[in-house]
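Each chain gets a letter, A, B and so on, in the order the sequences are listed, and its residues count up from 1.
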Number of protein chains: 2
Amino acid sequence: MITDLTDPGTDAHERIRTAAVLLFARQGYAATSIRDLGRAVNMTNAGIYHHVGSKEALLADLMRVAQQGLNSATERMLATAGGPSDRLALLIGSLTAVHACAPLTTSVMDGELRSLTPGSAARDEIIVLRDAYEAHWKRTLADGVAEGTFRVADQKLTRLALMSMCTGTSEWYRPDGDSTLEQVCAEFVTIGLAAVRAPVQVTTSPDFSLLPDLPWEPPDVQHDPRPDEARR
Amino acid sequence: MITDLTDPGTDAHERIRTAAVLLFARQGYAATSIRDLGRAVNMTNAGIYHHVGSKEALLADLMRVAQQGLNSATERMLATAGGPSDRLALLIGSLTAVHACAPLTTSVMDGELRSLTPGSAARDEIIVLRDAYEAHWKRTLADGVAEGTFRVADQKLTRLALMSMCTGTSEWYRPDGDSTLEQVCAEFVTIGLAAVRAPVQVTTSPDFSLLPDLPWEPPDVQHDPRPDEARR
DNA sequence: CCGAAACGACCGAACGTTCGGTAGGAACCA
DNA sequence: TGGTTCCTACCGAACGTTCGGTCGTTTCGG
């Protein structure tokens with residue numbers, strides 16, 4: 001993980017991406033200039049363009065790698081899972097954990113799709129990846145309902161509610177807060193299984209070693225207070 | 001409600017605010033120019049400034065009115081409510097309903113706080129309003145835990161999870177979708193009460209006539225597909 | 001004939017991006 | 001060993017465009 005964005009010793013390509021994740025997450029893509037990025041890595045705006053094709057290509061790159069990481073980690077985890085309840089618990093736990101561990105990367109991933117030019121190949125590729133990820137949720141819910149394990153009024157509604165709960169984690173979770181990551185995941189899994197009326201069962205935390213490696217998540221420089229009590 | 005943003009017959013002040021909600025929600029505040037706004041209401045950028053002090057003041061205005069509407073509607077509803085379970089059901093149902101009925105206004109309200117200059121009076125005022133709103137959730141949860149109705153591992157965690165679920169509604173709910181607004185609210189209330197281990201009870205929809213009037217929510221011009229299946 | 005509403009023209013600043021140039025080091029040949 | 005040739009990494013300066021915002025003027029209903 002990059003720890004000093006201005007240190008010319010570490011690979012500039014990586015430092016730029018790390019700074020981009022930080023600034024895009026904090027201020028938004030549109031409000032971040034190439035010159036902001038340059039300042040963060042101690043370079044001129046022209047220097048940035050030696051490492052990056054364009055501002056939009058940089059964003060697309062971050063988003064694609066992050067989404068690919070989530071997809072492959074999810075597939076890796078689901079490979080060992082059993083029935084729909086197990087699989088749903090895994091989906092909830094891992095999505096929550098990723099958003100807690102990489103809040104900046106995930107908030108760019110979740111929130112900046114609209115900044116990619118409609119119809120561009122880069123954007124379409126990311127949408128395909130995202131749809132592939134969501135397909136795991138759809139199939140899991142459908143399987144659970146089909147075999148009678150789950151009882152839900154509307155599968156889409158349930159899925160979107162649970163995913164919102166998980167992705168919202170990036171907006172408030174703090175490693176030094178009142179709950180540990182394991183507690184949050186366990187609590188969310190419990191809520192999720194209750195939402196689909198699955199029979200109560202012992203739930204296990206996701207295997208954190210299987211979580212995606214999101215390579216450009218900045219270190220926790222981000223200690224501005226957040227929503228709760230927050231003068232954000 | 002404004003239906004034709006370009007019709008000079010209706011009040012220009014209202015048309016500008018309606019267009020601003022639409023564009024800020026779709027593209028984000030930073031990516032929306034005053035000229036974009038002018039184009040939407042058939043005016044030049046200079047014309048906009050006859051009705052608006054500055055771009056940032058316009059955003060602050062939208063956010064303040066929206067948050068005030070939510071606060072006063074919530075207080076109106078809570079005035080008639082009974083115990084913590086009733087109150088929590090009301091909070092969940094009304095927050096969900098507002099995000100479903102006014103997705104554009106609420107997504108600006110929820111997502112553009114970072115676009116207001118840190119330390120500005122306008123921003124501070126909105127933060128105070130938001131904190132006042134969240135206090136209703138905090139008090140309700142604390143009351144329920146204190147009197148033994150609720151059992152939660154961590155009140156903050158529970159509150160933020162439930163609020164994320166409710167606010168996420170603005171990203172996917174479609175009035176012509178598979179679920180009615182009443183179904184969504186009922187489902188979310190059920191999930192929420194399960195999350196705090198409250199004894200099961202018959203839940204009623206919030207009284208929709210008591211919901212806030214968010215005056216600049218654009219009509220459903222916004223029929224671009226959304227997250228699910230979505231090439232957003 | 002007055003005030004509100006909107007216009008065209010414009011400002012300085014900042015934007016994304018490009019370009020020519022250069023410092024420094026590796027690679028190669030003599 | 002010295003000289004030539006590259007290449008990577010970056011800089012300073014500038015490009016055309018767009019930004020938020022201002023100005024003086026015009027239009028026009030009451």
Side-chain angles (χ1 to χ4, degrees), chain A residues 2 4-24 26-63 108 112 114-118 120 122-123, chain B residues 2 4-24 26-63 108 112 114-118 120 122-123:
Chain A
I2 307 279
D4 182 3
L5 292 175
T6 65
D7 170 23
T10 48
D11 185 276
H13 194 272
E14 302 290 295
R15 280 188 293 131
I16 290 173
R17 267 144 186 87
T18 302
V21 168
L22 180 66
L23 295 178
F24 291 171
R26 279 209 205 168
Q27 325 175 12
Y29 170 81
T32 302
S33 71
I34 293 286
R35 286 166 176 86
D36 287 339
L37 267 175
R39 207 171 304 124
V41 297
N42 230 11
M43 225 180 258
T44 62
N45 55 329
I48 299 288
Y49 278 94
H50 182 74
H51 301 274
V52 146
S54 72
K55 191 189 173 192
E56 185 166 342
L58 170 59
L59 173 63
D61 216 35
L62 300 179
M63 293 184 64
V108 170
E112 295 291 2
R114 67 172 173 200
S115 301
L116 296 177
T117 306
S120 65
R123 186 187 135 116
Chain B
I2 307 282
D4 181 3
L5 292 175
T6 64
D7 170 24
T10 48
D11 185 59
H13 194 273
E14 303 290 296
R15 279 187 294 131
I16 289 172
R17 266 143 186 90
T18 302
V21 168
L22 180 65
L23 294 177
F24 291 171
R26 278 210 205 167
Q27 325 174 11
Y29 170 81
T32 302
S33 70
I34 292 288
R35 286 164 177 84
D36 286 339
L37 224 44
R39 207 172 303 121
V41 298
N42 230 11
M43 224 180 260
T44 63
N45 60 325
I48 300 287
Y49 279 97
H50 183 75
H51 302 274
V52 147
S54 72
K55 191 190 174 191
E56 185 166 342
L58 170 60
L59 174 63
D61 215 36
L62 300 178
M63 293 185 64
V108 170
E112 295 291 2
R114 68 173 173 199
S115 301
L116 296 176
T117 307
S120 65
R123 186 186 135 116

message: With nearest nucleotide decided by heavy atoms, which residue, Met43(A) or Asp36(B), maps closer to the 5′ end of DNA chain D?
response: Met43(A)
message: Pick the closest DNA chain D nucleotide for His50(A) and for Ala46(A) by heavy atoms, then say which residue is nearer the 5' end.
response: His50(A)
In whole Å, what is the span from the [atom1] atom of [X] to the [atom2] atom of [N]?
X: Ile34(A); N: dC10(D); atom1: CD1; atom2: C1'; value: 15 Å
X: Arg15(B); N: dA5(C); atom1: CZ; atom2: P; value: 11 Å
X: Arg39(A); N: dG16(C); atom1: CZ; atom2: P; value: 11 Å
X: Leu59(B); N: dG20(D); atom1: CG; atom2: C1'; value: 14 Å
X: Leu37(A); N: dC10(D); atom1: CG; atom2: P; value: 14 Å
X: Asn45(A); N: dT17(C); atom1: CG; atom2: C1'; value: 9 Å
X: Arg35(A); N: dC11(D); atom1: CZ; atom2: C1'; value: 13 Å
X: Asp11(B); N: dG29(D); atom1: CG; atom2: P; value: 17 Å

query: Are OP1 or OP2 of dC10(D) and a side-chain N or O of Thr44(A) less than 4.0 angstrom apart?
result: no
- prompt: Is the phosphate of dA4(C), meaning OP1 or OP2, less than 4.0 Å from a side-chain N or O of His51(B)?
  reply: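 For dA4(C), neither OP1 nor OP2 has a side-chain N or O of His51(B) closer than 4.0 Å.
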query: Are any side-chain N or O atoms of Tyr29(A) and backbone N or O atoms of Glu56(A), one a donor and one an acceptor, separated by less than 3.5 Å?
result: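 A pair under 3.5 Å: yes.
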query: Within the side chain of Asp61(B), is there an N or O that forms a donor-acceptor pair under 3.5 Å with the backbone of Leu58(B)?
result: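 It does not hold such a pair.
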field: Derivation of the side-chain contact (heavy atoms from CB on, under 4.5 Å) call for Leu116(A) and Met63(A)
entry: CA-CA 10 Å; Leu116(A) 296 177; Met63(A) 293 184 64; 4.1 Å; yes
query: Going by heavy atoms in the side chains, are Arg17(B) and Leu62(B) under 4.5 Å from each other?
result: yes
message: Using the side-chain heavy atoms of Tyr49(B), tell me which of these nucleotides is nearest: dG20(D), dT17(C), dC10(D).
response: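 Out of dG20(D), dT17(C), dC10(D), the nucleotide with an atom closest to Tyr49(B)'s side chain is dG20(D).
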